[in-house]
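The structure under discussion appears below in the form of structure tokens.
First the proteins, then the strands, lettered A, B, ... as listed; each starts at 1. Please read these numbers as outputs of a predicted model, since none were measured by experiment.
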Amino acid sequence: MLGVEFIQANPREVCQALARRGITEGMDLVDRVLEQDRVRREALTNLQAKQREANAESRNIGNLMREGKREAAKAPIARQSSLKAEIKELGEAAANAEQTLSELLLTIPNLPHESVPDGLSESDNVAVYQHGEIPSFEFDPLPHWEIARRHGLIDFERGAKVAGAGFPFYMDAGARLHRALINFFLDAATRKYREVRPPLLVNEASARGTGQLPDKEGQMYHVAMDGLYPVPTAEVPLTNYFRDEILSESDLPVKLCAYTPCWRREAGSYGAHVRGLNRLHQFDKVEIVQLTHPEQSYEVLESMRSDAETLLKALNLPYRRLLMCAGELGFNQTKQYDLEVWSAGQERWLEVSSISNFTDYQARRMNIRFRPERGGKPQLVHTLNGSALALPRVVAALLEHNQTETCSYELPEVLIPYLS
RNA sequence: GGAGGGGUGGCAGAGUGGUCGAAUGCACUGGUCUUGAAAACCAGCGUACCGCAGGGUACCGGGGGUUCGAAUCCCUCCCCCUCCGCCA
């Protein structure tokens, strides 16, 4: 969430930034936040004045009792009970005001960075870079599900029987290819990031911390009996690792990476775009996360983006880098790159990575701060994350890109050591 | 799942109803001493919020209650530890 102080100090900028996301009632939102904050402060001031009064009275009564003047204490004790009722009422008012403000703030998304292009739709995303040529084939290239079927790499039907659509079995060379990619990605990531094996189920507070709750509730599976959520991405456990903690400035930047399966309900999808490996309920991903000093996050965003791109280059896959337009940004992000590989069999781009800066938006929610070395109050860190990479579409692109006329396929050299 | 014991500041650890936001030790910061360092000594050292300010309020796992007054008593939830059971 945004900080009230910031909104207070920059109402116009906030409105303009929200407008870039297509939110036209920005001024109204800002006004409501400021008004609600005023209400909250007033309620607090009133409450605290009464509490002060009651505390003084109690001290007074304590002194009288100690001196054995029980009679003299009777009047102030009687007065206390009416004070107590007032305090209870004022306390409830203050809590309500606080709650209302925080709910209001949760409806306001993060503000697009100035370097983010304008636009509200997918077509406004800017392809800022492309690596490799889109290949032309002398034959009709097959989609990956066809190649996978002929080689027995993936068993979608039995996956559907055992779990449901979107839960494939990877078999034999298909399973091994997955393991190879996970190891290849992790070996690259761990040269720079601490390797973590996180919990695969998280509690509600963690889902709230990274912003999956309350707005994206339907995207996660939910183990209702125990109040746990299978992770939709390793971002959740990794970023929550330091929730409610104060780090030393010298701890920054914190760099974490993890391989995890990811579970997503992805309700409402249909058609050709969900065929094969395009969209699954369970998939594998290596995630990279950094917590940085506020002054460094945009620099770090570029380096994380480059970490992910290095992998695609090593795999020899044509890909392009999209800079997401203001209207297509995730709710919590200020700037976001998507990396898309070329799917030769489907003749379209497939997203395999998204790298984002959240600035202090998640950190404020999660209360992750650092103590400045030069002294002063703890400050919020900036959080960033990115996929490096998500597996299924990489598998799809590898099969499709490297296919031959006889429907065999080759794999890039970097994977050979991982496949033996 | 059953029985028992616990959750206090960065860490360790006192505190069982009245100036307790909380002793003490360690760690950390500044200073004295020293050629320098160590040791010793002195001082400082939680977080959030309200207030122009002096200052005030809240926080001893979370929530609720008893009381004029709660870290301390009661209820409830969460978490941790030990033993038993079950299990990979």
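- The separation of B:rA23 from B:rC60, taken at their C1' atoms, amounts to 14 Å, rounded to a whole angstrom.
- Heavy-atom contacts of chain A under 4.0 Å fall on RNA chain B between two terminal nucleotides, which in 5' to 3' order are B:rG18 to B:rG69.
- The side-chain tip of A:Arg305 points at the ring of A:Tyr337 from less than 6.0 angstrom away and within 45° of straight on.
- A distance of about 15 Å separates the P atoms of B:rU29 and B:rG46, rounded to the whole Å.
- Across all strands shown, B:rU29 is found opposite B:rA43 as a Watson-Crick or G-U wobble partner, with both distances under 3.5 Å.
- Checking side-chain atoms of A:Arg264 against main-chain N and O of A:Pro232 turns up a donor-acceptor pair under 3.5 Å.
- B:rC83 is paired with B:rG2 under the criterion used here, namely a Watson-Crick or G-U wobble arrangement in which both key atom distances are under 3.5 Å.
- The nucleotide B:rA88 finds no pairing partner, because no Watson-Crick or G-U wobble arrangement with both distances shorter than 3.5 Å includes it.
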### Message
Test side-chain contact (heavy atoms from CB on, under 4.5 Å) on A:Asn278 and A:Trp145; report intermediate values, then the result.
### Response
CA-CA 10 Å; A:Asn278 286 338; A:Trp145 54 85; 4.1 Å; yes

Atom pairs and distances, donor-acceptor, side-chain atoms in residues 378-390 of chain A, under 3.5 Å, two or more places apart:
{"from": "A:His382", "atom 1": "ND1", "to": "A:Ser297", "atom 2": "OG", "distance (Å)": "2.8"}
{"from": "A:Thr383", "atom 1": "OG1", "to": "A:Gln362", "atom 2": "OE1", "distance (Å)": "2.7"}
{"from": "A:Asn385", "atom 1": "ND2", "to": "A:Glu235", "atom 2": "OE1", "distance (Å)": "3.3"}
{"from": "A:Asn385", "atom 1": "ND2", "to": "A:Glu235", "atom 2": "OE2", "distance (Å)": "3.3"}
{"from": "A:Ser387", "atom 1": "OG", "to": "A:Ser354", "atom 2": "N", "distance (Å)": "3.1"}

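- A:His281 and A:Tyr221 have perpendicular rings, their planes meeting at more than 60° on a 0 to 90° scale where under 30° would count as parallel.
- For the C1' atom pair drawn from B:rU16 and B:rA71, the interatomic distance equals 9 Å after rounding to whole Å.
- Between the C1' atoms of B:rA14 and B:rG21, the separation comes to 15 Å (whole Å).
- In this structure, A:Lys50 reaches neither bases nor backbone, as no heavy-atom distance under 4.0 Å exists between it and the strands shown.
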